[in-house]
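All values below were derived from every heavy atom in this structure, side-chain atoms included, with hydrogens, water molecules and symmetry-related copies excluded. Proteins come first, then strands; the chains are lettered A, B, ... in the order of their sequence lines, and each starts at number 1. Everything numeric in this text was worked out from a predicted model, so none of it was measured.
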Protein chains: 2
Amino acid sequence: MATIRDVARLANVSMATVSNALNSSDRVSPELLARVRAAVEKLSYAPHAGARSLRKRSSGLLGLVVGDITNPFFSDLFEAVEDAAAANGYLVLLCNSSERSEREEAHLRMLRTQRIDGLILAPTGAASMHRAALLAQLEVPIVLVDRAMDGLGYDAVVLDNRKAGFEATSHLIARGHRRIGLINGPEIVRTAADRMHGYREALLSAGLPFDPALVRDAGFQERPAHDAFGELMALVEPPTAIFATNNLMTIGVVTALADRGLSCPEDISLVGIDDLPWADAVLPRLTAIAQPVRAMGETALTLLAERIAGTRLGPGTTTVLAPRLVVRRSCGSPVPLKAAHV
Amino acid sequence: MATIRDVARLANVSMATVSNALNSSDRVSPELLARVRAAVEKLSYAPHAGARSLRKRSSGLLGLVVGDITNPFFSDLFEAVEDAAAANGYLVLLCNSSERSEREEAHLRMLRTQRIDGLILAPTGAASMHRAALLAQLEVPIVLVDRAMDGLGYDAVVLDNRKAGFEATSHLIARGHRRIGLINGPEIVRTAADRMHGYREALLSAGLPFDPALVRDAGFQERPAHDAFGELMALVEPPTAIFATNNLMTIGVVTALADRGLSCPEDISLVGIDDLPWADAVLPRLTAIAQPVRAMGETALTLLAERIAGTRLGPGTTTVLAPRLVVRRSCGSPVPLKAAHV
DNA sequence: CTTTTGTTGTAAAACGTTTCAAACAAGGCT
DNA sequence: AGCCTTGTTTGAAACGTTTTACAACAAAAG
């Protein structure tokens with residue numbers, strides 16, 4: 001494969017000139033620029049990224065580490081980030097940890113070896129001291145997405161989770177529901193706590209009581225959510241509506257519905273956080289709180305690019321983006337207990 | 001960040017010894033090995049991938065280019081490929097072309113600059129001369145997934161599409177269906193042609209006539225499939241079952257079903273190719289032909305690794321993997337025309 | 001005691017870029 | 001004519017590795 005030296009020889013100029021022509025084309029005369037371009041074309045020269053990163057001390061690579069690329073939220077996020085990165089001349093290295101912390105660690109080490117210029121991290125699992133150390137070792141700007149991590153001073157871009165919880169719950173209340181089951185993630189994680197906070201606020205501002213028996217921690221996962229739904233329905237006073245705070249758990253309760261032959265919204269109402277690509281295709285047609293995934297990816301990248309360029313200084317701030325309620329058919333009015341064929 | 005020189009100084013050995021200790025640990029005495037390891041640990045040294053690739057003339061990077069990472073088939077594929085790659089010491093660079101050929105080209109150029117050691121390509125769109133040239137310029141082994149490209153001599157791993165078509169159709173025939181609508185991709189692409197081939201074989205071996213009016217080209221896309229379904233149902237003798245040959249088109253017809261208030265399998269039966277993660281959660285619970293995505297990713301990577309290592313020579317061969325029918329609830333017996341509330 | 005063989009370590013030369021400082025050319029001023 | 005400017009071009013050094021070729025030495029063989 002041709003090197004910059006070959007190009008220089010063919011164009012009859014120095015290597016430095018070729019480099020200048022390719023990188024800062026205004027610093028070289030039109031005459032030579034044309035010669036260089038022609039030579040590049042003829043040899044179909046492609047610079048060697050490794051050599052370049054060695055000399056420039058910057059690789060043009062960005063890392064994106066997510067917990068599960070199979071989750072539509074994350075694949076959409078990747079798409080958004082990659083588009084924005086391409087527009088800024090960066091290439092993104094996607095790391096999928098499959099929710100396993102050992103793999104995440106391995107990836108972080110890999111990213112360090114690759115000398116990435118910046119990292120976008122969608123933190124998963126518990127915040128470990130060890131991870132914090134690995135992140136610091138990277139010695140590059142980091143932007144958090146989806147979940148903030150307190151005390152580390154990183155920029156973050158997250159959903160307005162309180163508002164998401166509030167709106168979902170209010171939507172249900174507006175339809176007449178008074179007992180609303182909340183299937184949530186672990187309260188230790190901010191996201192889950194905030195969503196529940198919104199839920200309580202909505203209840204409060206409608207003058208409804210908060211009943212702890214109606215909330216379950218299903219760890220943001222599908223199967224536990226399925227089971228949690230069962231528990232909720234076994235209550236002496238079961239809920240007439242369910243609010244599931246992420247897409248996996250929403251799928252879990254939809255499955256549970258189908259298992260019991262319950263139909264939605266006739267027998268019970270359902271609203272979830274995270275819109276799903278097929279939410280409009282299948283039954284029930286799911287009403288959901290959509291996250292502005294694209295905007296999240298784009299602002300994360302903008303923040304990161306600014307940090308890298310050094311045009312953004314000071315402590316990290318967290319950007320909060322508004323949720324959007326998309327109303328479909330899964331929420332109706334509550335049905336009297338006996339009418340439901342449980 | 002520490003360099004190999006720093007490690008050498010701290011361990012009181014030469015740089016060469018550090019390199020040997022790290023790469024071929026058996027060529028250095030236990031004594032020094034320990035010293036080197038300690039120094040590496042203390043400095044938390046991470047080698048510089050760029051420098052290494054410069055010298056070694058190999059980057060440890062593999063490319064994976066797909067048309068749409070948002071499609072579960074491709075995100076599953078990425079997961080499988082990444083796992084297998086990690087096991088072989090490779091890092092994978094995911095390129096999502098969003099089905100746009102210009103972006104695909106840009107990605108291929110990028111991959112050349114990165115000096116990837118090999119490429120896994122899930123070809124999308126038409127086979128262009130231009131793309132073929134770009135692929136050749138890469139000068140690395142290439143393995144095709146999902147679709148083969150004739151005449152270029154690359155290895156490929158694909159589904160047994162004929163069999164997939166045959167099994168899906170036979171499943172429907174076994175339930176008593178005689179008029180089966182086929183919503184297919186463009187026949188120019190092998191995948192689509194083969195699936196249709198299987199469809200015809202199944203018809204033939206059941207002694208059923210092949211009616212061209214029952215097959216539509218929906219370009220493997222959702223919206224066109226939705227419309228194609230409408231056309232099929234407008235026939236004087238509409239089908240009692242639909243076979244959609246990929247996941248997007250399956251979603252399209254499910255939507256069309258819901259739009260018309262048709263239920264499945266009561267009013268019409270449906271089988272699709274590509275299983276979907278939520279196929280069991282929603283209604284209708286979709287019977288589908290599952291592709292062995294994980295196996296596809298793994299064998300693709302194995303093939304690629306062997307080509308790179310030079311342990312595999314000669315012209316490319318195409319590996320054909322068997323489909324798996326997963327039966328759920330979307331296929332029943334045909335209902336007489338008048339009974340269906342169209 | 002010399003030679004051979006084998007092991008373990010090292011100095012130095014690449015690998016392909018970018019960038020620094022210096023050289024050079026061509027005008028524009030005194 | 002001499003002296004600055006200003007703008008282009010270039011030689012050479014540096015970036016952090018791996019590898020080649022060889023040196024040093026010890027052990028085994030003669």
Side-chain angles (χ1 to χ4, degrees), chain A residues 1-37 39-40 43-61 89 91 109-117 139, chain B residues 1-37 39-40 43-61 89 91 109-117 139:
Chain A
M1 194 167 296
T3 80
I4 203 176
R5 155 171 273 118
D6 301 321
V7 175
R9 249 199 292 270
L10 182 58
N12 211 15
V13 297
S14 73
M15 287 162 52
T17 299
V18 176
S19 179
N20 283 331
L22 262 30
N23 299 317
S24 33
S25 55
D26 53 328
R27 281 174 37 91
V28 61
S29 69
E31 153 84 10
L32 290 201
L33 210 174
R35 289 223 308 267
V36 169
R37 291 236 169 100
V40 164
L43 298 173
S44 77
Y45 164 74
H48 187 298
R52 185 204 292 259
S53 101
L54 178 55
R55 178 61 232 230
K56 296 224 307 188
R57 325 186 65 73
S58 98
S59 61
L61 261 31
L91 187 56
R109 257 183 274 273
M110 192 73 103
L111 291 174
R112 196 152 90 100
T113 281
Q114 292 295 332
R115 296 294 192 273
I116 53 168
D117 293 339
E139 298 175 31
Chain B
M1 194 167 295
T3 79
I4 202 176
R5 155 170 274 117
D6 301 321
V7 176
R9 250 198 291 269
L10 182 57
N12 212 14
V13 297
S14 73
M15 289 162 51
T17 298
V18 176
S19 179
N20 283 331
L22 263 29
N23 300 317
S24 34
S25 54
D26 52 328
R27 278 179 38 89
V28 60
S29 71
E31 152 85 10
L32 290 201
L33 211 174
R35 290 225 305 267
V36 169
R37 291 237 168 99
V40 164
L43 297 173
S44 76
Y45 164 75
H48 186 299
R52 184 205 293 259
S53 100
L54 178 56
R55 176 63 231 228
K56 294 225 305 187
R57 323 185 66 72
S58 98
S59 60
L61 261 30
L91 187 57
R109 257 183 274 274
M110 192 72 104
L111 291 175
R112 196 152 90 100
T113 281
Q114 292 294 333
R115 295 296 193 274
I116 53 168
D117 292 339
E139 299 175 32

Within a strict 4.5 Å, meaning less than it, do heavy atoms of the A:S58 and A:R115 side chains meet? no

Without swapping roles, check the side chain of B:N20 against the backbone of B:V28 for a donor-acceptor pair under 3.5 Å. no

Are the side chains of A:L43 and A:M1 in contact, using a 4.5 Å heavy-atom criterion? no

Using 0.5 Å steps for rounding, measure from the CG atom of B:L54 to the OG atom of B:S59. 12.0 Å

For residues 17-32 of chain A, the salt bridge (Lys or Arg N to Asp or Glu O under 4.0 Å) pairs (sequence neighbours left out) are A:E31-A:R35

B:R9 CZ to C:dA11 C1': how many Å, rounded? 16 Å

Taking protein heavy atoms under 4.0 Å as touching, what does nucleotides 15-24 of chain C look like 5' to 3' if B marks base contact, S marks sugar-phosphate-only contact and - marks none? BBBBB-----

